[in-house]
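Worksheet for the structure shown next.
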Amino acid sequence: MSIMTTIISGKKQDSIHWNEVVQTEIVKKMNVLIIGGGGREHAIADALSKSSKVSKIYCAPGNAGIAKQAELVALKDTDVNGLLTFAIEKQIDLTVVGPETPLSLGIVDVFKENGLRIFGPNQKAAQIESSKRFAKDLMIKYGIPTAAYEVFTDFNEALNYVKEKPLPTVLKYDGLAAGKGVVIAETIEEAELALKDMLVDDKFGEGKVVIEDYLEGPEFSFMCFVNGADVYPMVLAQDHKRAFDGDTGPNTGGMGAYGPLPFVTEEDQNYALENILKPTAFAMVEEGCSFSGVLYGGLMKTKNGIKVIEFNARFGDPETEIVLPRLKSDIFDIFYGIAEGQKIEIEWDDFPILGIVMASKGYPGDYETGYEIDCRGVLNTSTTDVKVYHMGTTEKSGKLLTSGGRVLMVVGTGKNLDEARAKALEAVKKIECENLFYRTDIGVKALI
Ligand code: AMP
Ligand code: GLY
């Protein structure tokens, strides 16, 4: 149903003002479908459930935590046709896409072709995440600060290039690899092994490799709601990508996050907005792939200024779990407005907040699932400054079980970061499960 042909009191109106439409549809109350089943989607469901404009939330496939706010739908986030059929049948007014894979499969294009309202970028725009090369070429063409790079498909050529460059060097598989397609090689031998994985053994699929200069400095995630050239910043977050304390171990999807960030000044944030996020949104419009949804800048504050490490075409996970609780505005209005191509208004709180991910032992490598989790120690306390987001859980015969690599994100708030961290850690310790591990140093660098 197109917004301009919304039925008001049974009469079809063809040229009504946007505000009237919102008012009318609000009275009607909305059915919303969230696609995805991790902590990010739990935080989205949580925020949407606070909106008076939403009557029913579905989530596909969801998880045991999301089931408290939404009706779970047994469809994979990659089952585009199944999701489309479901959305039509249930008369979904708005679909919100969490993960990158359905976006890169073109779910937004398919829903829109079928007249459905959906929040997220189309397939062409989602390339900013699904192709490292697309993102790098765009940044170079539009003068957006990032590390110098070359692209290779041939193993020997790639290896020769690495041998000529200083170490460490950064090797990035040119496609989606769930945060595992990036290798920082300290030695030629490590680089050779990684290049073999990516270009000879096609470990992530057939593809190319982007080799880029190594940058140094603290990283931060700057997510913005974007609607063509209009960019609406969110509050900042810092993720912790490495698996273990002291930033050691393999890269993961993210082991914890916090905000606000003491090392990013207001001037830095303005610089990043004006010189990175806004020009990127503009560049996408110029290139004929206008972006709509959440543009995530993975940025690094180097001694030569703030530079882009990566772009994502969606909310970050676990960043969303500590960003959305600080949103004061109604998230439904934001999703709806962006999906309709309208201007929006957003207000944020910026209280200290910190979250710790509890992951299955072995993650990001092989891990087992099906272990029982006992969260009663946290849920039985009446504290409002701790929240447990489910990332990979399921419920069977009344028991809560692990079902993914990252399992829970335990978030604490406080009057300062120290207190937020203490709250989160205390809660983590009350969660009982024999197969989980977590980092104890999330946010510690911010406290020094
Ligand atoms: P990406 O998937 O591109 O975000 O890369 C994953 C992680 O690898 C980043 O969060 C950084 O910690 C690290 N990384 C990526 N590119 C670079 C670079 N050019 N220099 C230093 N570290 C990098
Ligand atoms: N936490 C990093 C990401 O969502 O890509």
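In listed order, ligands and their atoms are each counted from 1.
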Proximal ligand 1 atoms for Glu212, defined as those under 4.0 Å from one of its heavy atoms: 16 (N), 17 (C), 18 (C), 19 (N)
Non-hydrogen atom of Pro318 closer than 4.0 Å to ligand 2: yes
Residue Lys241 vicinity, atoms of ligand 1 by number, heavy atom under 4.0 Å: 4 (O), 10 (O)
Per-atom contacts, ligand 1 versus Asn251 - under 4.0 Å to a heavy atom: 7 (C), 8 (O)
Numbered atoms of ligand 1 (with element) below 4.0 Å of Val170, judged on heavy atoms: 16 (N), 17 (C), 18 (C), 19 (N), 20 (N)
Check ion pair Arg439-Asp247 (N to O, under 4.0 angstrom): yes
Candidate pair Asp245 and Thr440, rule side chain to side chain donor-acceptor pair (under 3.5 Å), full reasoning: CA-CA 7 Å; Asp245 279 357; Thr440 61; 2.5 Å; yes
Heavy-atom pair with the smallest gap, counting every atom of Ala125 and Cys289: CB-O, 3.5 Å
Nitrogen or oxygen atoms of Asp239 and ligand 2 under 3.5 Å apart: yes
Distance-only donor-acceptor check, side chains Tyr296 and Glu319, under 3.5 Å: yes
NZ (Lys303) with more than 12 external heavy atoms under 6.0 Å: no
For Asn312, atoms of ligand 2 separated by under 4.0 Å from a heavy atom: 3 (C), 5 (O)
Closest to atom 22 (N) of ligand 1 among Ile184, Thr146, Leu299 (heavy-atom distance): Ile184
Side-chain H-bond candidate by donor/acceptor type, Asp268 with Thr265, under 3.5 Å: yes
Atom indices of ligand 2 within 4.0 angstrom of Gly316 heavy atoms, with elements: 4 (O)
Proximity of Glu319 to ligand 2 by residue part, where a heavy atom lies under 4.0 Å: side chain
Check ion pair Lys132-Glu212 (N to O, under 4.0 angstrom): no
Pairing of Lys141 and Glu287 as salt bridge, 4.0 angstrom limit: yes
Ligand 1 N/O within reach of Ala147 N/O, cut-off under 3.5 Å: no
Derivation and outcome, side chain to side chain donor-acceptor pair (under 3.5 Å), residues Ser51 and Asp330: CA-CA 6 Å; Ser51 171; Asp330 185 329; 2.9 Å; yes
Proximity of Tyr296 to ligand 2 by residue part, where a heavy atom lies under 4.0 Å: side chain
Proximal ligand 1 atoms for Tyr214, defined as those under 4.0 Å from one of its heavy atoms: 20 (N), 21 (C)
Ligand 2 atoms in contact with Gly253 (distance to a heavy atom under 4.0 Å): 1 (N), 2 (C)
Residues which pass side chain to side chain contact (heavy atoms under 4.5 Å, CB included) with Lys196, listed by chain and number, not counting sequence neighbours: Phe155, Val200, Asp201
Any Asp239 heavy atom less than 4.0 Å to ligand 1: no
Top protein contact for atom 5 (O) of ligand 2, by heavy-atom distance: Arg314 NH2, 2.9 Å
Interfacing atoms of ligand 1 (cut-off 4.0 Å, heavy-atom, Lys132): 1 (P), 2 (O), 3 (O)
Carboxylate-amine/guanidinium proximity below 4.0 Å for Arg406 and Glu321: no
Residues Tyr161 and Asp154: side-chain donor-acceptor under 3.5 angstrom: no
Interfacing atoms of ligand 1 (cut-off 4.0 Å, heavy-atom, Lys172): 3 (O), 15 (C), 16 (N)
Location of contacts on Val182 toward ligand 1, heavy atoms closer than 4.0 Å: side chain
